[in-house]
Amino acid sequence: ATVVVLASGTGSLLRALLDAASAADFPAKIVAVGVDRTCAATEHAEAAGVPHFKVALNDFPDRAAWDAALTDAVAGYAPDLVVSAGFMKILGPAFLDRFGGRIINTHPALLPAFPGAHGVRDALAYGVRVTGSTVHLVDAGVDTGPILAQEAVPVLPDDDEASLHERIKVVERRLLAQVVAAVATRGIVSDGRKAVIPDERV
Ligand code: GRF
């Protein structure tokens, strides 16, 4: 399976995925990395010799034009899967029409709890004792798509946002690679609201 990864941040998730995909027996090939801003993720793509492109919102007259440009840029690689690894933009209708059902996102909380751009901070502020990582399909909402995998992560008494987020990222890096490999080999079966990877062992 061919995969395009979208990122916006430090790219530690992208790096973990690139590392996993470098194994000869990994069932997916990352063919390109797309970013919406200049960020460290681009450096990880360069280091791995993977093509990368930037489609920045402020380079376009409006969101629809950005949505169309991102869709075309990703479509150029004809991916089987699009993986959002810390991509901090809501994917637009053109993108969802083109790739819907095969866009995977990872969120650093146990959805449906604490969706949005500050899931770690919100969980910490709420005082939960357990949070975690969710890997899910992207739909038109914000972190509302069908869940593919989750794993719990404890919140420690002296945690701050950074320490908790890093503990979650350790889980995310493994879980995301596991889900990408599982989906690449076994696909996804959607049953209404639910999405299942056959013979789920993720
Ligand atoms: C990850 O925790 C991801 O779940 C969230 O943004 C973070 C990206 O981290 N959406 P990095 O940029 O890959 O280090």
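What you are looking at is a predicted structure, and each value in this text was computed from that prediction instead of being measured. Residues: numbered from 1 along the sequence shown.
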What verdict does the side chain to side chain contact (heavy atoms under 4.5 Å, CB included) test give for H118 and D122, after you've listed the backbone C-alpha separation in whole Å, the side-chain angles of each residue and the deciding distance to 0.1 Å?
CA-CA 6 Å; H118 306 290; D122 297 343; 3.9 Å; yes
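- A donor-acceptor pair under 3.5 Å is formed between the side chain of H107 and the backbone N or O of F114.
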Side-chain donor-acceptor contacts of residues 14-31 below 3.5 Å, not counting sequence neighbours, with atom names and distances?
from	atom 1	to	atom 2	distance (Å)
S22	OG	D19	O	2.5

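- Inter-residue side-chain proximity for V33 and V4 is flagged as unmet; no heavy-atom pair is nearer than 4.5 Å.
- Side-chain contact between R167 and L164 is present, with heavy atoms from C-beta onward closer than 4.5 Å.
- The salt bridge (charged side-chain N to carboxylate O under 4.0 Å, His left out) search around R173 returns E166, not counting sequence neighbours.
- Residues I188 and A195 share a closest heavy-atom pair of CG2-CB, 3.9 Å.
- K169 is not listed as a side-chain neighbour of P108, based on a closest heavy-atom distance of 4.5 Å or more.
- For R102, the salt bridge (charged side-chain N to carboxylate O under 4.0 Å, His left out) criterion is met by no residue, not counting sequence neighbours.
- You'll find the side chain of V179 reaches within 4.5 Å of the side chain of I104, heavy atoms only.
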Only distances under 3.5 Å count here; give the side-chain donor-acceptor pairs of residues 40-52 to other protein atoms, sequence neighbours excluded, each with its distance to 0.1 Å.
from	atom 1	to	atom 2	distance (Å)
T42	OG1	C39	O	3.4
H44	NE2	T10	O	3.0
E46	OE2	H52	NE2	2.6

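- Note on I103: it does not cluster hydrophobically with V3, by side-chain heavy-atom contacts below 4.5 Å among ILVMFWY residues.
- Side-chain contact between I168 and T131: present, with at least one pair of heavy atoms (C-beta onward) separated by less than 4.5 Å.
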Take K54 and D59 through the salt bridge (Lys or Arg N to Asp or Glu O under 4.0 Å) test and state the conclusion after the steps.
CA-CA 10 Å; K54 180 170 86 170; D59 289 344; 5.3 Å; no
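- The nearest pair of heavy atoms linking P93 to D67 is N-OD2, 3.1 Å.
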Would you be so kind as to tabulate the donor-acceptor pairs closer than 3.5 Å made by side chains of residues 76-91, with sequence neighbours excluded?
from	atom 1	to	atom 2	distance (Å)
D80	OD2	T2	N	2.7
D80	OD2	T2	OG1	3.2
S84	OG	N105	OD1	2.8
K89	NZ	D36	OD2	3.0

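- Residues P146 and K194 are not in side-chain contact: their nearest non-hydrogen atoms beyond the backbone lie 4.5 Å or more apart.
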L96 vs D139, side chain to side chain contact (heavy atoms under 4.5 Å, CB included): CA-CA, chis, key distance, verdict
CA-CA 7 Å; L96 292 172; D139 66 7; 6.0 Å; no
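- Between S163 and D160, the closest side-chain pair of non-hydrogen atoms falls below 4.5 Å.
- A single hydrophobic cluster is not seen to contain both F53 and V5; linkage of ILVMFWY side chains at heavy-atom distances under 4.5 Å, directly or through other members, places them apart.
- At a threshold of 4.5 Å between side-chain heavy atoms, the hydrophobic network of Ile, Leu, Val, Met, Phe, Trp and Tyr places L137 and V180 in one connected group.
- To the nearest 0.5 Å, atoms CD (E172) and CG (L13) are separated by 4.5 Å.
- Cluster annotation: F99 is connected to L6 through the hydrophobic network of ILVMFWY side chains, with a link wherever side-chain heavy atoms come within less than 4.5 Å.
- For the pair W66 (side chain) and V55 (backbone), a donor-acceptor distance under 3.5 Å is present.
- Without hydrogens or angle criteria, R37 side chain to V35 main chain gives no donor-acceptor distance under 3.5 Å.
- Few gaps surround CZ on R193; more than 12 heavy atoms of other groups in view lie less than 6.0 Å from it.
- The shortest side-chain heavy-atom distance between F95 and V138 does not fall under the 4.5 Å cut-off.
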Give every donor-acceptor pair under 3.5 Å between a side-chain atom in residues 148-157 and any protein atom, sequence neighbours left out.
from	atom 1	to	atom 2	distance (Å)
Q150	NE2	L111	O	2.9
Q150	NE2	T134	OG1	2.8
E151	OE1	R174	NH1	3.0
E151	OE1	R174	NH2	3.3
E151	OE2	R174	NH2	2.7

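- Scanning both residues, D199 and R186, for their nearest heavy atoms gives O-NH2, 3.5 Å.
- Contact detail for V189 and P198: the closest heavy-atom pair is CG2-CG, 3.7 Å.
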